[in-house]
Amino acid sequence: MPVSSVSSAPETVSISLGERSYPIRIGSGLLCSPDSFADVPQASLAVIVSNTTVAPLYAQALRETLLGQHRQVELITLPDGESHKDWITLNLIFDDLLARGADRKTVLYALGGGVVGDMTGFAAASYMRGVPFVQVPTTLLAQVDSSVGGKTGINHPRGKNMIGAFYQPVCVVADLDTLSSLPARELRAGLAEVIKYGPIADADFLDWIDTHLDELLARDAAALRYAVRRCCEIKASVVGQDEREAGLRAILNFGHTFGHAIEAGLGYGNWLHGEAVGCGMAIAADVSARLGLLAENAAARLTGLIERAGLPVRGPALGAERYLQLMRLDKKAEAGEIKFVLLDAIGHAVLRGVPDDVLRRVLASRCG
Ligand code: NAD
Ligand code: GLY
């Protein structure tokens with residue numbers, strides 16, 4: 001689709017999950033529009049959960065919008081960073097909610113990137129056994145992926161996102177204007193998750209990204225809007241068919257088995273999540289080609305695109321044994337056998353075990 005044909009009115013993608021269905025609103029100026037939050041249940045108290053970077057930029061605007069809807073709107077400001085996505089920071093949310101007298105009707109608003117979104121969602125899932133929450137994603141990565149689909153949680157030193165819950169928000173409000181303040185490195189990290197949707201589900205979308213990558217990197221508004229919408233459509237369709245990852249939803253983890261090992265192996269926050277996923281997708285494409293599932297030129301094309309997006313395609317030198325040890329903890333592993341999301345064509349993913357000798361060869365050639 002040519003970017004010029006995209007309208008500027010807010011758009012809504014729906015995620016169909018029976019009584020847990022909700023809208024994903026995508027557009028400009030949404031943070032300041034009460035209509036964006038029309039689905040939120042009545043509650044006298046609302047609590048915005050954000051962090052030290054995002055709160056000074058956007059919390060006041062959101063608070064003013066929400067004061068039309070809630071009598072009292074409070075703010076919890078967490079420390080920023082993946083290294084704080086842990087139970088100590090999670091507990092700060094519970095401490096604050098209890099101190100403010102939050103009850104079962106209190107609505108939480110996650111204002112920030114995927115770290116704030118995942119932690120706020122998990123807090124909402126467990127505070128008083130569940131309170132409503134709204135995702136207000138402010139990074140590209142969060143707008144195209146983490147705010148949608150209800151995976152919430154925290155990291156454990158031994159493994160990424162190991163503690164958590166499936167818990168859906170009441171709506172997602174993705175204000176594209178917030179992407180203007182995003183550091184360039186974070187934008188590129190978000191592009192990793194944008195690219196992901198092409199190889200796993202939509203070859204035409206991968207062609208589109210290939211053609212429009214420079215516009216995306218330059219934050220062209222129409223290009224970003226189209227990319228966010230298409231990614232949310234694909235994710236909504238996958239999650240609508242397999243909310244709790246009994247099978248199909250695993251394709252959304254393309255590149256993540258290697259990526260999570262990189263994040264945990266280096267220490268959370270050294271590589272950004274999107275950087276690790278970008279590199280993980282290049283490694284997974286290589287594995288797919290070595291197993292004869294994917295044509296070598298298709299794997300090379302995907303790797304080239306990841307590189308052009310400014311993302312790493314070679315992993316850090318953790319050593320093959322350490323990679324294997326970390327990957328055996330992956331949530332897709334069954335009885336110690338690691339399952340990988342691989343490609344048997346651009347636009348189609350499969351879940352497979354991979355012999356250790358193949359993994360060792362790939363890791364030796366692509367890492368370090
Ligand atoms: P992040 O939340 O750490 O945000 C990246 C950085 O950008 C942070 O420093 C943040 O404060 C800052 N920031 C956020 N919005 C900004 C803005 N508009 N302007 C300026 N700075 C801004 O990282 P992320 O990439 O958004 O998310 C990564 C996390 O998401 C990881 O923990 C990952 O595991 C998780 N994730 C979850 C899912 C899911 O389905 N739940 C999917 C993908 C990723
Ligand atoms: N980001 C992976 C998932 O939502 O399943």
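First listed ligand is number 1; within each ligand, the first listed atom is number 1.
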Check: residues 344-358 side-chain donor-acceptor pairs under 3.5 Å, at least two apart:
unit_1	atom_1	unit_2	atom_2	d
Asp344	OD1	His348	ND1	2.8
Asp356	OD2	Arg328	NH2	3.2

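- The contact shell of ligand 1, taken as protein residues with any non-hydrogen atom closer than 4.0 angstrom, comprises Asn51, Thr53, Val54, Leu57, Tyr58, Asp80, Glu82, Lys85, Gly113, Gly114, Val115, Asp118, Thr138, Thr139, Leu141, Asp145, Ser146, Lys151, Lys160, Asn161, Thr178, Ser181, Leu182, Pro183, Glu186, Glu193, Lys235, His273.
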Protein N/O near ligand 2 N/O, under 3.5 Å, which pairs?
unit_1	atom_1	unit_2	atom_2	d
ligand 2	1 (N)	Asp145	OD1	3.2
ligand 2	4 (O)	Lys235	NZ	2.6
ligand 2	4 (O)	Arg249	NH2	2.7
ligand 2	5 (O)	Lys151	NZ	2.8
ligand 2	5 (O)	Arg249	NE	2.7
ligand 2	5 (O)	Arg249	NH2	3.3

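- Between the side chains of Glu233 and Ser237, no donor-acceptor pair of N or O atoms lies under 3.5 Å.
- The pair Asp35-Arg25 fails the salt-bridge criterion, with no side-chain N (NZ, NE, NH1 or NH2) lying under 4.0 Å from an Asp/Glu carboxylate O.
- Taking the charged nitrogens against the carboxylate oxygens, Lys332 and Glu245 have no contact shorter than 4.0 Å, which rules out a salt bridge.
- Salt-bridge formation is detected for the pair Glu243/Arg20: a Lys NZ or Arg NE/NH1/NH2 atom is positioned less than 4.0 Å from an Asp or Glu carboxylate oxygen.
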Side-chain donor-acceptor contacts of residues 121-136 below 3.5 Å, not counting sequence neighbours, with atom names and distances?
unit_1	atom_1	unit_2	atom_2	d
Ser126	OG	Phe122	O	2.6
Tyr127	OH	Ala102	O	2.8

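- Ring orientation note: the planes of Phe205 and Trp208 are close to parallel, at an angle under 30° on the 30°/60° scale.
- At a cut-off of 3.5 Å, with distance as the only test, a side-chain donor of Arg322 or Gln325 sits close to an acceptor on the other residue.
- Looking at Lys151 and Asp145, no side-chain N of the basic residue comes within less than 4.0 Å of a carboxylate O on the acidic one, giving no salt bridge.
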